[in-house]
Amino acid sequence: MTNLVSIVIGAIFINNIVLTKFLGLCPFFGVSTKLKNAVSMGGAVTFVMIFSSAITWLVYNEVLLPYGIEYLRIVVFILIIASFVQLSEIVIEGTAPAIQEALGVYLPLITTNCAILGIVLINNISQGYSFVGSLVSGTSTGVGFTLALLLMAGIRERLALADSPECLRGLPLAFISAALLALAFEGFSGMSI
Amino acid sequence: MIMEVLVLGVLGFIASVGLEVASSVLGKEKDPRVEAVLDILPGIDCGVCENPSCAQHAEEIVNDPSVLYEKKCVVISDEDYEEIAEILGIDWPAEAESDEES
């Protein structure tokens, strides 16, 4: 149980997927201009992360390892992730077409979001979590991603109204604030639970 | 060798069947007229019709055919407009009316 709690705290704060591991930066900058889009993007990514964590654990430990073909893991993981991205796109298209238009190309791009491939590789290979551990890790990483996206979107909504030097307006200021955010999250590192 | 092919093939098959089922259960029926109209539109997403893309303009036209009379798309010809009107099943008065206006 304490192990699971430490996975949650670790994935959300100490090893935040975006601000500490620097994975998934493409949607982090692309969709963080509005809070509303950030919420739906975070939701879609979390959905894909939870389900692909579960399925990849089963496939990796029950199929790839016993037959000694774990070198196929990247292809298989991408196949599973891509299926879930497509599924989430079908669901969003059917229920909320406005969100699909707002997210635009970033929705299908979740397929190549390295945060998701990163987290399934971390779950299965570098950490070797159990099934429950993988599920918890996937969920809390999704929450951590959403948290980072929300923080960034809140900052950028304010920055859009601020009187900033013209040469810094837009993406440059976003990069600078992302760096400061990452520095702030560095304060969690070294925390042991 | 055999095992690799089997694993990838079976996984791909499961995924595609799952997606097919999901899209038939949850997916939205696409209006075939939107596709037909989109084929006639230039597809260059120029934005003159005040829509970000031709696809959205096609949807706008199908949802509200009266938009067609405004001739928002400046790229396609009058014959193309007639063709779109035919797809939508509305009259295309055009010639006489637009002469009067101009």
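For A:Phe84, no part lies under 4.5 angstrom from a heavy atom of chain B. Looking at A:Ile55, neither its backbone nor its side chain comes within 4.5 Å of chain B, counting heavy atoms on both sides. With a 4.5 Å cut-off on non-hydrogen atoms, A:Leu72 touches chain B through its side chain but not through its backbone.
Between A:Phe145 and A:Phe28, the distance separating the two ring centers is not shorter than 6.0 angstrom.
Rounded to the nearest 0.5 Å, atoms CG (A:Asn123) and CE (A:Met49) are 9.5 Å apart. Taking CD1 of A:Ile81 as the reference point, atom CG of A:Leu117 lies at 5.0 Å (rounded to 0.5 Å). Between the CG atom of A:Leu121 and the CD1 atom of A:Ile116 there is a distance of 12.0 Å, given to the nearest 0.5 Å. How far NZ of B:Lys72 is from CD of B:Glu60: 4.0 Å, rounded to the nearest 0.5 Å.
B:Ser77 and B:Asp80 form a side-chain donor-acceptor contact under 3.5 Å, judged by distance and modelled atom types alone. Under 3.5 Å, the side chains of A:Arg156 and A:Ser32 contain a donor-acceptor pair of N or O atoms.
Contacts between residues 14-21 of chain B and chain A, counted as heavy-atom pairs separated by less than 4.5 Å, involve B:Ala15, B:Leu19.
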